[in-house]
Amino acid sequence: MANTIQAIRGMHDVLPTQTPKWQFVEQQLREVLAAYGYSEIRLPIVEKTELFKRSIGEVTDIVEKEMYTFNDRNEDSLTLRPEGTAGCLRACLEHGLLHNQVHRLWYYGQMFRYERPQKGRYRQFIQLGVETYGMASADIDAELILLSHRFWQRLGIQDKVELQLNSLGTIEERAVYRDKLISYFEQQPELLDEDSQRRLHKNPLRILDTKNPAMKVLVENAPSLIDFLGEESKAHFETLTSRLTALNIAYTLNPRLVRGLDYYSKTVFEWVTTELGSQGTICAGGRYDGLIEQLGGKANHAVGFAMGMERLLLLLEACGDTTAVKPVDAYLILVGDVAEKAGLVLAEKLRDALPQLKLQMHCGGGSFKSQFKKADKSGADYALILGEDEVNNDVVGVKFLRTQDEQQTLSQAALISLLNK
Ligand code: ATP
Ligand code: MG
């Protein structure tokens, strides 16, 4: 082993025993997204570093210490995307999609952050991102929450996640609040940790987002942003909460919920579980109207969320999810040269007739006994047996690997109708 090369810390392989679970969950998510009329967009993994600096903000965990940034051979500074919102908006602006249009989009893929790896926190992880553009009213904020709620229902975990909600108001409202918050923290500077001292004047709201338990009481007693909202922001928030109440979606108001990124305004929300320790946020999002202008577009509206797929799968596992997908339905055993040749033809014929059938054909010869062992190990329900006799009589032997049924010899037509069941 001394000479083998290992994967990078915090970047994980998903092995074939795990991929069926991923595929199952991905399929459920896709179906729900389609049911709400959302379209997929596919985006590059690498973007100009400037894009993330401008959108996420210089004084954030991501830009300060988590980005994978490098110079390419042209000396351009590029970054592996730490999140998808900026790239999605960049693409829509670049292709003129935001001009007098409404969009409901989703993307799915790897994100990269240089964090300390632990359960539910990795350096390469997958997000499902959902972004909508061009809609000002709180109805779309509500739709996104309903859509994510339907994910949980589909996956049977609606009782394991809690919706936390807050409003960050407008940029102007936040400015007033910001001053109040700075004076509050300045009264007890000795209680601020190093990160928070640095952020105090640059980005004091981020202090509310601290994960340092020593600062819990200080943060809990801080003034609440929700008390600083103007009429319009209040009305927006009330529309959203009344829609949720009408649809029986429970939520908790969390005045400390400010989200890690600077570009949010009005609605912010998180779906949180208590099953995964401090990595409990499965899905997080909100309204970020201001980002569009920040990236050089005309004033417009944007609301979205991103879901951490690894955390979702960990939660499903913690809830005892037992979804098992069989990799193979039938295993074709071929004994002897004649059968090996005829076997390829038979296998193709079966695949033509039964496009859904998962058929694995034995390759590389060997005794019946050793092939039979492999058939059993494959997890297949049927071992299909072809030897010289079967080829000459134009039949196939069938052994039932998971039931006590007697072995049968069937014509190809009878075999197809058996496997079709
Ligand atoms: P956290 O507070 O846990 O660091 P965040 O606020 O940085 O999360 P977002 O940028 O809002 O996270 O990303 C949306 C979601 O992506 C998170 O709620 C989480 O489910 C997932 N996520 C974020 N960072 C990681 C990571 N390093 N590894 C795995 N999943 C992650
Ligand atoms: Mg983070």
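Numbering of ligands and ligand atoms starts at 1, following listing order.
- Ring geometry for Tyr288 versus Tyr133: interplanar angle over 60°, hence perpendicular rather than tilted (30 to 60°).
- In this structure, Glu83 has no heavy atom closer than 4.0 Å to ligand 1.
- Arg81 and Glu47 are not joined by a salt bridge, as no carboxylate oxygen comes within less than 4.0 angstrom of a charged side-chain nitrogen.
- Judged purely by atom type and a 3.5 angstrom limit, Asn300 has no side-chain atom pairing as donor or acceptor with the backbone of Asp289.
- With distances taken over non-hydrogen atoms, the option nearest atom 20 (O) of ligand 1 out of Leu312, Ile126, Thr281 is Thr281.
- Arg174 has no carboxylate O lying under 4.0 Å from a charged side-chain N of Asp179, or vice versa, which leaves the two without a salt bridge.
- Under 4.0 Å is where a charged nitrogen must lie from a carboxylate oxygen, and between Asp61 and Arg206 at least one such pair does.
- Residue contacts with ligand 1: Glu115 is placed with a nitrogen or oxygen under 3.5 Å of a nitrogen or oxygen of the ligand (distance criterion only).
- Among Arg121, Met309, Met111, the residue whose heavy atom lies closest to atom 3 (O) of ligand 1 is Arg121.
- Applying the 4.0 Å criterion to heavy atoms of Lys211 picks out, from ligand 1, the atoms 1 (P), 2 (O), 4 (O).
- Shown in contact with Ile282 at under 4.0 Å from a heavy atom are these atoms of ligand 1, numbered in order with element: 20 (O).
- Among Gln127, Glu270, Glu66, the residue whose heavy atom sits closest to atom 15 (C) of ligand 1 is Gln127.
- Two residues are said to be in side-chain contact when any heavy atoms from C-beta on lie closer than 4.5 Å; Ser224 and Arg256 meet this criterion.
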